Amino acid sequence: MRAKVGIFLRRHRRRALPLMAAMALAMPLVVGWHWAKLGWRDWHHNYPAVPNGYTQIVNRFGQPCSTAARAVYMYWRAADTGTTYSVRFHRKLGGYPTQMVSGKGGVSTNLDNDVYGHIQNNHLSQYVKHGIYGYACRYVRGGTSWSTHAFGIAVDLSSAEEYMGKTYSTTNYRFAQIFQNHGWKWGLSFNDPMHFQYATGY
Amino acid sequence: MKRTLAILLGLLGTVGISIGLLAAVGRTDPAPRDFGPPIGPRMTPDTGWGELLIVVVGGIYPTRAEAEAANDAMPFGDMSGYYVVPVAQFQGFDQGIGSPGDFALVCAFRTEQGALDFVALAQSFEYPATILPGRVRSLGGLYVGLGQEANPDGTGPLTHPVPESLP
């Protein structure tokens with residue numbers, strides 16, 4: 001097959017090169033058109049610095065279970081069951097008005113526009129499965145320390161499939177890199193593949 | 001010459017064994033951990049002794065062992081979920097559901113909003129969650145997860161009684 005392609009390119013060098021150049025030029029335009037059609041673009045507007053450890057979390061996001069921790073909401077539909085979840089999160093992680101998001105009192109475009117938009121545009125929403133939530137005023141399991149969910153800086157996706165204690169991922173790995181590219185830490189490193197949090201150091 | 005060769009071979013062997021060991025350890029999966037490490041100061045368990053609380057029930061079981069097993073089967077990710085408590089821990093509980101001697105999966109709240117939020121969380125996991133129709137009086141005893149609801153004034157967790165929870 002490779003040989004045939006090579007022969008074809010040698011024979012039609014004059015035609016093939018401009019064709020390849022045109023394709024290279026057209027590809028970004030097609031992607032741009034695709035995004036524009038959906039009315040979305042990646043803003044990266046006003047992201048807070050990722051806190052490291054409890055003290056920085058409190059300094060940057062305030063007390064757990066505060067009004068700010070649950071100020072912004074978005075809807076997220078599970079691809080497998082069709083259930084639509086209302087996900088609440090901190091006002092510093094979204095809610096800023098964009099082409100896709102109506103202003104919800106938030107100050108950045110992180111989660112609801114940029115992360116969610118990338119997942120949609122890369123056609124990865126089909127891998128987000130049921131069991132989706134964000135803010136919850138809860139302690140960590142088996143303890144009395146606050147969970148990152150209580151600060152509104154954590155989301156769990158596909159929680160039934162990507163259950164806690166699982167040392168590998170079967171669906172969230174498809175979009176985990178998008179979260180990581182936007183400052184989120186993936187819980188797979190501590191065997192919690194459903195979990196994404198906007199904090200490190202614990 | 002032989003001595004130098006022996007030293008070199010020894011060094012090479014040591015390096016080789018070290019690399020082999022590191023590769024073997026690197027391939028091993030991380031040890032499973034039940035929950036994430038604590039991220040800050042621990043809150044003092046608050047039993048709400050004498051207060052009138054709203055209780056969300058996840059199930060009633062005749063023995064503690066059965067209740068614990070059911071609770072283990074209902075994880076809430078890295079977050080705390082239900083607590084196993086004797087039904088007799090609450091005055092008024094047994095009149096509505098269960099009987100003295102039974103054990104229940106519960107989470108108790110001071111505000112209706114806290115209870116509703118927890119029900120929504122449980123439902124997102126597709127776990128049973130029923131709010132008892134009336135407030136019940138806490139007789140103290142085992143910790144039931146109070147404080148895991150937002151303070152109505154928006155300043156943080158609710159760690160003190162509110163007018164509705166006072167008898």
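Predicted, not measured: the structure shown is a model, and the values here were computed from it. So that the names make sense, note that chain A is the first sequence line, chain B the second, and so on, each numbered from 1.
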| query | Quick one: does A:Q63's side chain have a donor or acceptor within less than 3.5 Å of a partner on B:P157's backbone? | reply | no
| task | Report the option among A:G62, A:S66, A:C65 that has the most heavy-atom pairs separated by less than 4.5 Å from atoms of chain B. | result | A:C65
| request: Using heavy atoms and a sub-4.5 Å threshold, report which of residues 101-116 of chain B line up against chain A, by residue number. | output: B:C107, B:F109
| A:H149 vs B:F76, side chain to side chain contact (heavy atoms under 4.5 Å, CB included): CA-CA, chis, key distance, verdict | CA-CA 11 Å; A:H149 289 274; B:F76 284 68; over 6 Å; no
| said: What part of B:E126 gets within 4.5 angstrom of chain A, counting heavy atoms only: side chain, backbone, both, or neither? | reply: side chain
| query | Do A:Y163 and B:P75 come close enough that some side-chain heavy atom pair is under 4.5 Å? | reply | no
| remark: For B:A150 and A:C137, the nearest pair of non-hydrogen atoms, with its separation, is N-SG, 3.9 Å
| Name of the residue among A:M164, A:M194, A:Q197 meeting side-chain contact (heavy atoms from CB on, under 4.5 Å) with B:D78 | A:M164
| message | With a 4.5 angstrom heavy-atom cut-off, is it the side chain or the backbone of B:T155 that approaches chain A, or both, or neither? | response | backbone
| message | Could you check whether any side-chain N or O of A:R138 sits under 3.5 Å from a backbone N or O of B:G81, counting only pairs where one atom can act as donor and the other as acceptor? | response | yes
| task | To the nearest 0.5 Å, tell me how far A:D156 CG sits from B:L121 CG. | result | 9.0 Å
| task | Kindly assign one of parallel, tilted or perpendicular to the pair B:Y143 and A:Y139, based on the angle between their ring planes and the thresholds 30° and 60°. | result | parallel
| Is chain B contacted by the side chain of A:Y135, its backbone, both, or neither, given a heavy-atom distance below 4.5 Å? | side chain
| Among A:P64, A:A136, A:A160, residue most engaged with chain B (heavy-atom pairs, under 4.5 Å) | A:P64
| message | Less than 4.5 Å to any heavy atom of chain B: does that hold for the side chain of A:Y85, its backbone, both, or neither? | response | side chain
| said: Please classify the contact of A:R88 with chain B as side chain, backbone, both or neither, using a heavy-atom distance under 4.5 Å. | reply: neither
| Closest contact, heavy atoms only, A:S147 versus B:M79 | OG-CG, 3.6 Å
